[in-house]
Amino acid sequence: MNNIIEFNNVTYNYSSEDADYIVLKDFNLNIKKGSFTVILGHNGSGKSTLAKLMNGLYKPQSGSVLVNGINTLDEELDLKVKSTVGMVFQNPDNQIVASVVEEDVAFGPENLGLPQEEIRQRVDSALKTVNMYEHKNDMPHKLSGGQKQRIAIAGVIAMLPECIVLDEPTAMLDPKGRQDVIDTIYKLNKEHGITIVLITHFMEQAKYADRVLVLNNGEITADGTPIEVFSKPEFLKNSGLDIPQTTELIFELAKKGLNFKNGIISVDDTANAIAAALRK
Amino acid sequence: MLNDFTLGQYFPTNSLIHRLDPRIKLLLTLGFLILIFCATNIYALTLIIFFVVCLIFLTKIPLKMYVKNLKFILPILIFTTVINLFYTNNGNIILEFWKIKITDYAVVRSIFLSLRIVLLIIISSALTYTTSPNSITTGLESLFSPFKYIGLGRAVHTMTMMMTIALRFIPTLVEETQKIMNAQKARGVNFENGSLIQRIKAIIPILIPLLISSVKSAYDLAEAMESRCYNGGENKTNLKVLKIQKSDYLAVLFFIICCLIVFLFNIVF
């Protein structure tokens, strides 16, 4: 079994009095173990719903979501699903439970009913992983947004999940905090082998991924490596997304007749590519 | 206005009193409060005053912090003292005008009462100054834990969870209020001037956005807690387990000695 999360013909809609608002219809998706997947999409594309279906917060109306082969509809195994797939949300303030950092990180393991020594050891190692160990006795509201978000990540990794789903974790952060959080996520994937599903609207974050999905009106409109997806800038624009400025620059220059190879995303690569193209 | 707001007014000076088990501190505070009202004569009360002065020194928190709290209740203190002067007719009349008589007994009673209130405030301040809100919550949960044997375990857990979250969200709400106030000020709402009714009306544009954002936060928090395997506290364990130490036994012993001396004074004098 290679997939940690499987969506099989999932349909999900919000029902209101007037009409049913369909978010996902006959949706299929597999997330491979150990992968780093970035899901892009504009507001209202169904990104958050997709995230919340992944750990059973939302249950599909038809079809099934399997986490390590366990159906999220299975109430008995609900805790198993939630401890396998951890969730990090957008607003760091609204996901911290306790008023001391280490007590907050301990919240997940405490709920799992682990013995005290085990909780202590997990809390310490989780805080060290996100580089927040020296803040363990601080009060969360005194920390910066990026630090709070890393505490939230530590709270999730203390449950030793196999997969972490992050729903726009950097949307409310400043550039420094954003980079710290992204570096942490990258490290979790590469060093700890945790499967990452990162939902974002920051295009430049997609360059860390093995796989980029573009979601538009509840449908996957592009699926591939970052290089494959970003080599079609006009298509991205049609999905209501901003493409990275570097990609757009390259694309516009290419239209004017300069030659580039595909898949240039980072600023350094772009600078080098433009210099090389001008020298020709 | 909101910037100097400190909740629970905890001062981490790490004194001997700070390191006591919160359960012991809660029980001893309750004990001392009862003891204050058990001291029926001035000698016993003087003894308690002496104990309380020792307590203030032991907490290593500046005296002016305690005085600050006393200032807060000064109007109530003066009011009760004055009322009590006229309340009793026993004893020798020392002052009489119109229909009002003040007796020596009434004066002693009022002094007693005001001293008791002052001691009450100091002792309860000492508790909140030396115990973090979190420890108080953990202490209360532990003290109420016997309720689980009569099927109220869930209720106790829910209460403490509510306290924990309330404490956690107070700074966040203060921040939010400040933001909303600034936003409304920028739209021309005047909070400082105008009649009382106008100023009360000016609060409404703060309260409504605050309420909406709180409900939204609560919803988000519930999802985050659920994602972290919260299921109403069943089989929940704790990172920090309270342990009674030698100093806690000493504190209890000290309290028992206090009680004995106070009762002895009550009988002897």
Side-chain angles (χ1 to χ4, degrees), chain A residues 48 51-52 54-58 78-100 102-124 136-137 139-142 148 152 155-156 158-159 161 164-165 167, chain B residues 2-3 5-8 10 12 14 131-138 141 157 160-179 213-243:
Chain A
S48 288
K52 286 171 187 169
M54 287 181 182
N55 79 339
L57 271 180
Y58 290 178
D78 196 46
L79 287 189
K80 181 83 194 113
V81 168
K82 292 201 163 79
S83 60
T84 308
V85 178
M87 274 278 223
V88 176
F89 297 89
Q90 180 175 12
N91 188 336
D93 277 319
N94 291 351
Q95 50 187 322
I96 291 175
V97 184
S99 352
V100 179
E102 61 171 4
E103 286 179 17
D104 183 72
V105 176
F107 185 71
E110 283 175 351
N111 287 331
L112 294 172
L114 299 170
Q116 193 201 355
E117 312 80 64
E118 168 105 26
I119 299 178
R120 166 56 60 199
Q121 183 247 319
R122 283 193 185 195
V123 167
D124 288 352
K136 68 174 184 164
N137 290 319
M139 287 190 238
H141 69 271
K142 298 254 166 84
K148 278 188 243 183
V156 168
M159 298 190 297
I164 302 180
V165 178
D167 186 2
Chain B
L2 297 167
N3 292 334
F5 178 89
T6 50
L7 179 96
Y10 173 58
N14 198 22
T131 322
S132 74
N134 277 307
S135 315
I136 294 184
T137 317
T138 331
E141 181 168 27
H157 172 78
T160 40
M161 197 69 219
M162 275 162 64
M163 274 178 74
T164 309
I165 292 173
L167 289 171
R168 150 74 187 84
F169 271 86
I170 282 169
T172 310
L173 283 178
V174 170
E175 221 170 88
E176 190 74 26
T177 312
Q178 198 91 64
K179 259 190 227 163
S213 85
S214 309
V215 171
K216 211 183 151 305
S217 299
Y219 192 80
D220 283 354
L221 183 72
E223 280 188 340
M225 284 169 70
E226 215 181 304
S227 294
R228 284 162 76 184
C229 300
Y230 183 68
N231 59 347
E234 246 166 83
N235 305 322
K236 195 173 186 281
T237 45
N238 267 314
L239 169 69
K240 286 176 184 161
V241 178
L242 297 175
K243 255 198 222 121

If the condition is side-chain hydrogen bond (donor to acceptor under 3.5 Å, both in side chains), which residues does N238(B) pass it with, not counting sequence neighbours?
none
If I measure from the heavy atoms of chain B, does F107(A) come under 4.5 Å with its side chain, its backbone, both, or neither?
both
Basic-acidic side-chain contact under 4.0 Å: D104(A), R228(B)
yes
For S217(B), which atoms come within 4.5 Å of any heavy atom of chain A: side chain, backbone, both, or neither?
both
With only heavy atoms counted, which part of P109(A) is less than 4.5 Å from chain B, the side chain, the backbone, both or neither?
backbone
Heavy atoms of other groups near K240(B) NZ, more than 12 under 6.0 Å:
yes
Rounded to the nearest 0.5 Å, what separation is found between the CD1 atom of I164(A) and the CE atom of M54(A)?
13.5 Å
At a heavy-atom distance under 4.5 Å, which candidate from E110(A), K52(A), Q116(A) has the highest pair count against chain B?
E110(A)
So what's closer than 4.5 Å to chain B heavy atoms on E118(A): side chain, backbone, both or neither?
neither
Less than 4.5 Å to any heavy atom of chain B: does that hold for the side chain of K142(A), its backbone, both, or neither?
neither
Portion of N55(A) that has a non-hydrogen atom of chain B nearer than 4.5 angstrom
side chain
Can you check whether T84(A) reaches P161(A) side chain to side chain, under 4.5 Å on heavy atoms?
no
Please rank V156(A), L112(A), L114(A) by heavy-atom pairs under 4.5 Å with chain B and give me the top one.
L114(A)
Only pairs of heavy atoms separated by less than 4.5 Å count here; which of P140(A), S99(A), S83(A) has the most with chain B?
S99(A)
Given the rule in the side-chain contact (heavy atoms from CB on, under 4.5 Å) test, do M163(B) and T137(B) qualify, once you have shown the distances and angles that lead to the verdict?
CA-CA 7 Å; M163(B) 274 178 74; T137(B) 317; 3.9 Å; yes
With rounding to the nearest 0.5 Å, note down the distance linking CZ in F89(A) to CG in D220(B).
7.5 Å
Could you tell me which portion of D78(A) (side chain, backbone, both or neither) has an atom closer than 4.5 angstrom to a non-hydrogen atom of chain B?
neither
Proximity breakdown for V105(A) and chain B, heavy-atom pairs closer than 4.5 Å:
backbone
So which residue, E117(A), E103(A), M139(A), ends up with the most heavy-atom pairs under 4.5 Å with chain B?
E103(A)
If I take atom CG from residue N91(A) and atom OG1 from residue T172(B), how far apart are they, to the nearest 0.5 angstrom?
9.0 Å
